[in-house]
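The first residue in the sequence is number 1, and the count goes up from there.
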Amino acid sequence: MRRIDARSLRGLAHPLRMNILEAIELHGPATSTTLAARLGENTGTISWHLRLLAEHGYLEEDTERGNKRERWWRIPKGATVLDPAEFRDDPETSGALRVYLSHLVERYFSRVRKYIDENWPGEWQSAASLSDWRNLHLTPAQLQHLNDELAEVINRYIALDPAPDAERVIVQLQSFPQRPEEK
């Protein structure tokens, strides 16, 4: 497991770099040319961002693919973990954290919006869920335990071999405290 530090957070906190990582996460290893076409950017810009992501450990060159003229990039094995509490009080990194988290929330919203706009068959519409539980009252430790348990369940499903009729499924979970509204 790799923890994001202040330097690597600043290296990640850019919308195009986050889009590059997501494209590789969703579609597998890629070259700057394929990413440029997919993301509507020029190859030189993509190449520069790929090298920066690699410098910070978010990507690595896929040496099993390509040749001297064509470099392929992939996500390194192992999880990357970000603890926002480590950066909130640091003025140099709190801005990068806000950029990163804001883009992440926009990405989550876009995924849900895209699902709503698509016309999925009834069986998928019945199986999917847009849920909201608002009656929980937890301590920070209880919230952490809840998130850990949910992650364990999801990891069991990640480990399954995909069935022939399986589709990519995204599970998004946002869990956070909410202060009561003032009247």
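For the pair Arg3 and Asp83, the minimum side-chain heavy-atom distance is below 4.5 Å. Using a 4.5 Å cut-off on side-chain heavy atoms (C-beta onward), Thr33 and Ile46 make no contact. Looking at heavy atoms from C-beta onward, Ile20 lies out of side-chain contact with Tyr58 at the 4.5 angstrom threshold. In this structure, Leu136 and Leu143 have side chains that are not in contact, with every pair of non-hydrogen atoms separated by 4.5 Å or more. Between His27 and Arg38, some side-chain heavy-atom pair lies under the 4.5 Å cut-off. Contact check for Glu60 versus Trp73: no side-chain heavy atoms found under the 4.5 Å cut-off. Counting heavy atoms from C-beta outward, Met18 and Glu22 have side chains that stay 4.5 Å or more apart. Annotation: side chain of Tyr115 is not in contact with side chain of Ile170 (no heavy-atom distance under 4.5 Å).
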Verdict with reasoning, Ile24 to Leu35, per side-chain contact (heavy atoms from CB on, under 4.5 Å): CA-CA 8 Å; Ile24 294 174; Leu35 289 166; 4.0 Å; yes

Ile4 and Val81: CA distance, side-chain angles, deciding distance, side-chain contact (heavy atoms from CB on, under 4.5 Å) verdict: CA-CA 6 Å; Ile4 295 177; Val81 177; over 6 Å; no

Criterion side-chain contact (heavy atoms from CB on, under 4.5 Å) on Glu55 and Arg7, from CA distance to verdict: CA-CA 11 Å; Glu55 178 184 319; Arg7 182 176 175 274; 2.8 Å; yes

Audit row: Glu152, Arg156, salt bridge (Lys or Arg N to Asp or Glu O under 4.0 Å) steps and yes/no: CA-CA 6 Å; Glu152 286 176 23; Arg156 285 198 312 263; 5.4 Å; no

Test log, rule side-chain contact (heavy atoms from CB on, under 4.5 Å), inputs Val169 and Trp124: CA-CA 10 Å; Val169 171; Trp124 281 106; 4.0 Å; yes

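A search for ring-ring contact (aromatic ring centres under 6.0 Å, His included) contacts involving His103 returns nothing, not counting sequence neighbours.
When every heavy atom of Gly44 is checked against every heavy atom of Asn42, the shortest pair comes out as N-OD1, 3.0 Å. What you find for Leu97 and Pro84 is that their closest heavy atoms are CD2-O, 3.6 Å. Taking each heavy atom of His137 and Asn135 in turn, the nearest pair found is ND1-O, 3.5 Å.
The CG atom of Leu52 sits 10.5 Å away from atom CG of Leu16, with the distance rounded to the nearest 0.5 Å. Atoms NE2 and CZ, from His56 and Arg10 in turn, are 8.5 Å apart once rounded to the nearest 0.5 Å. Distance check: Ser175 OG to Leu138 CG gives 9.0 Å after rounding to the nearest 0.5 Å. Taken to the nearest 0.5 Å, the CG atom of Leu12 stands 8.5 Å off from the CG atom of Leu82. Between Thr93 atom OG1 and Arg98 atom CZ the span is 9.5 Å, to the nearest 0.5 Å. How far CG of Leu39 is from NE2 of His49: 10.5 Å, rounded to the nearest 0.5 Å.
Of the possible donor and acceptor atoms, none in the side chain of Ser102 sits under 3.5 Å from a partner among the backbone N and O of Val99. Looking at Arg17, its side chain never comes within 3.5 Å of a backbone N or O of Leu53 through a donor-acceptor pair.
Around CG of Asp132, the count of heavy atoms belonging to other residues, nucleotides or ligands within 6.0 Å exceeds 12. Counting heavy-atom neighbours within 6.0 Å of Glu25 CD, excluding the residue itself, gives a total above 12.
Leu50 and Leu21 fall within the same hydrophobic cluster, where Ile, Leu, Val, Met, Phe, Trp and Tyr residues are linked whenever their side-chain heavy atoms come under 4.5 Å apart, directly or through other members. A single hydrophobic cluster is not seen to contain both Ile154 and Leu160; linkage of ILVMFWY side chains at heavy-atom distances under 4.5 Å, directly or through other members, places them apart. The hydrophobic clustering, which links ILVMFWY residues whose side-chain heavy atoms are closer than 4.5 Å, places Leu130 and Val171 together. Under the 4.5 Å side-chain heavy-atom criterion for ILVMFWY residues, no single connected hydrophobic cluster contains both Phe176 and Leu173.
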